[in-house]
2 protein chains.
Amino acid sequence: MTMDMGQAATLLRSVGLRPTRQRQALARLMLARGPRHFSAEQLHDDARIAGVDVSLATIYNTLHQFNDAGLLRELVIESGRSYFDTNTSEHHHFYDEDTGSLSDIPAEAMVLNAFPDAPEGREICRVDVVVRVRSRSRPGKTTKD
Amino acid sequence: MTMDMGQAATLLRSVGLRPTRQRQALARLMLARGPRHFSAEQLHDDARIAGVDVSLATIYNTLHQFNDAGLLRELVIESGRSYFDTNTSEHHHFYDEDTGSLSDIPAEAMVLNAFPDAPEGREICRVDVVVRVRSRSRPGKTTKD
DNA sequence: GTGTTTGCAAAGTGTTTGCAATTTA
DNA sequence: TAAATTGCAAACACTTTGCAAACAC
């Protein structure tokens, strides 16, 4: 799974974003290879490791633009940090509370029924399911602190 | 639904917390009346309005202690702000993206089946479902920004 | 050229921490 | 009195903002 600069530019134009050097590079880093789940900080590190020089402000701008354009999906897992997912199709997540790592739950592995009606005058725009897991032999906090 | 200082003290002692003036007052504010969902800031305001003088640091300490003691449940809905729920029984939430308000979905209104296995060596400690809703005639952001 | 995007550094938001003073048991 | 708790203010982590320089078309 790869993406050259031309493909990245085409993708960006197709969602109405100018294919700048930074956006093309970030699109390739995010969409054409792992990881599928990352924070702004992680993407910034990935970019620097890949030799792509992008400011943190631009990382944030780009993440929000991609999210709004439907290229990414923002995940809210912990307060105080945002995660983004390059998989925008319907699915859910495991969150490992010990390691902080995220993994996918395929849509078909988690079926919701007895689905509630939205409140008066509202429509459902998204359903997020987070299954929080931890190791059986949990280090640290047990019952008391 | 009310709770006097004596009852608050008993409750606190039953979960291993010293019944200080602040904790008793906050227990009464949180557990004996609405709202059921609130942020630290909201609780701080509620306390001040009720004439209870408590520092924000103590609000945070208390919220975490109550959460660890099982008196509250922390909800992660938006990055950058924590919410707490006085309803600790199993249930899920509607989150109104326009107003930021939370409402409960009773456990029986939302049945999950085809439940996935936890990853190797992990156990499921909690399942959070957030159904995000918004008004049908959405003000502001449409397709583009 | 003209409007968009970038990068910097500063500002902002919500939360946590260190520690002396106070309170509880 | 000994240990736990509080409140303050400073520190924190992450994110956003203002604006001049750089860039895309």
Side-chain angles (χ1 to χ4, degrees), chain A residues 5-6 8-27 29 37-48 52-69 71-72 74-84 100 141 144-145, chain B residues 5-6 8-27 29 37-48 52-69 71-72 74-84 100 141 144-145:
Chain A
M5 284 304 230
T10 302
L11 175 66
L12 288 167
R13 262 189 275 262
S14 76
V15 297
L17 294 171
R18 281 196 183 177
T20 64
R21 176 180 71 71
Q22 291 86 336
R23 294 210 272 234
Q24 291 178 60
L26 292 176
L29 281 172
H37 308 101
F38 50 84
S39 65
E41 206 72 45
Q42 284 163 12
L43 178 60
H44 195 212
D45 289 345
D46 283 358
R48 201 160 24 61
V52 177
D53 203 21
V54 187
S55 74
L56 199 46
T58 297
I59 294 280
Y60 279 105
N61 284 340
T62 303
L63 286 170
H64 292 147
Q65 291 154 354
F66 281 29
N67 183 60
D68 292 347
L71 263 26
L72 289 178
E74 184 171 1
L75 304 177
V76 180
I77 301 288
E78 297 178 296
S79 63
R81 171 185 263 85
S82 279
Y83 288 94
F84 294 85
K141 175 152 64 180
K144 287 206 160 189
D145 61 333
Chain B
M5 284 304 231
T10 302
L11 174 65
L12 288 167
R13 263 189 274 262
S14 76
V15 297
L17 294 171
R18 283 192 182 182
T20 63
R21 175 181 70 73
Q22 291 88 335
R23 293 209 273 234
Q24 290 177 60
L26 293 176
L29 282 172
H37 307 102
F38 50 83
S39 65
E41 207 72 45
Q42 284 164 11
L43 177 60
H44 195 211
D45 289 347
D46 283 357
R48 199 159 24 62
V52 178
D53 202 22
V54 187
S55 73
L56 198 47
T58 297
I59 295 280
Y60 279 106
N61 284 340
T62 303
L63 286 171
H64 292 147
Q65 291 154 355
F66 281 28
N67 183 59
D68 292 347
L71 262 28
L72 290 178
E74 184 171 2
L75 303 178
V76 180
I77 301 288
E78 295 178 297
S79 63
R81 171 184 262 83
S82 278
Y83 289 94
F84 294 84
K141 176 153 59 182
K144 285 206 161 188
D145 64 331

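The chains referred to below are lettered A, B, ... by the order of the sequence lines, with proteins before strands, and numbering in each begins at 1.
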Mind checking whether B:L71 and B:L11 have side chains closer than 4.5 Å, heavy atoms only?
-> yes
Can you tell me if the side-chain N/O atoms of B:Q22 get under 4.0 Å from OP1 or OP2 in C:dT23?
-> no
Of the nucleotides C:dT15, D:dG7, C:dT24, which has the atom closest to the B:T20 side chain?
-> C:dT24
Which pair of non-hydrogen atoms, one from B:L29 and one from B:A47, has the smallest distance, and what is that distance?
-> CD1-CA, 3.5 Å
For A:Q65 and C:dT4, what is the distance between atoms CD and C1' respectively, to the nearest whole Å?
-> 10 Å
Go through the steps to decide whether B:I59 and B:L26 satisfy the test side-chain contact (heavy atoms from CB on, under 4.5 Å), and finish with yes or no.
-> CA-CA 8 Å; B:I59 295 280; B:L26 293 176; 3.8 Å; yes
Separation of A:L26 atom CG from C:dT6 atom P, in whole Å?
-> 9 Å
From CZ of A:R21 across to P of C:dT6 the rounded distance in Å is 9 Å
Spacing between B:Y60 atom OH and C:dG14 atom C1', to the nearest angstrom | 5 Å
Is any side-chain nitrogen or oxygen of B:H64 closer than 4.0 Å to OP1 or OP2 of C:dT16?
-> yes
Which part of the nucleic acid does B:S82 contact within heavy-atom distance under 4.0 Å: base, sugar-phosphate only, or nothing?
-> sugar-phosphate
Rounded interatomic separation in angstrom, taking NE2 from B:H44 and P from D:dC8 = 9 Å
For atom CG of B:L56 and atom P of D:dC12, their distance in whole Å = 18 Å
Side chain of B:A57 only, please: which of C:dG14, D:dA9, C:dA25 is the nearest?
-> D:dA9
Using whole Å, report how far CG of B:N61 lies from P of D:dT6.
-> 7 Å
Residue pair B:G80/B:P19 against DNA chain C: nearer the 5' end by closest nucleotide is B:G80
Using the side chain to side chain donor-acceptor pair (under 3.5 Å) rule, pick out the option among B:E74, B:H37, B:E78 that qualifies with B:Y83.
-> B:E78
The residue, B:T62 or A:A40, whose nearest nucleotide of DNA chain D is more 5′ is B:T62
Could you check how far CG of B:L12 sits from C1' of D:dT5, rounded to whole Å?
-> 13 Å
Would A:Q65 and A:D68 satisfy side-chain contact (heavy atoms from CB on, under 4.5 Å), going step by step from the backbone distance to the final call?
-> CA-CA 5 Å; A:Q65 291 154 354; A:D68 292 347; 5.8 Å; no
Look at A:R23 and C:dT5 and indicate whether a side-chain polar atom (N or O) is within less than 4.0 Å of OP1 or OP2.
-> yes
Backbone of B:R18 reached by a side-chain donor or acceptor of B:R23 within 3.5 Å | yes
Compare side-chain N and O positions of B:R18 against OP1 and OP2 of D:dA4 and report whether any pair is under 4.0 Å apart.
-> no
Would A:L63 and A:F38 satisfy side-chain contact (heavy atoms from CB on, under 4.5 Å), going step by step from the backbone distance to the final call?
-> CA-CA 11 Å; A:L63 286 170; A:F38 50 84; 3.8 Å; yes
Looking at every strand, decide which applies to A:S79 at a 4.0 Å heavy-atom threshold: base, sugar-phosphate, or nothing.
-> nothing
Contact under 4.0 Å: A:R13 side-chain N or O vs D:dC25 OP1/OP2 | yes
Within the side chain of A:H44, is there an N or O that forms a donor-acceptor pair under 3.5 Å with the backbone of A:V54?
-> yes
OP1 or OP2 of C:dG7 less than 4.0 angstrom from a side-chain nitrogen or oxygen of A:T58, does that happen here?
-> yes
Base-pair map of DNA chain D as dot-bracket, where | denotes pairing with a different strand and pairs are Watson-Crick or G-U under 3.5 Å = |||||||||||||||||||||||||
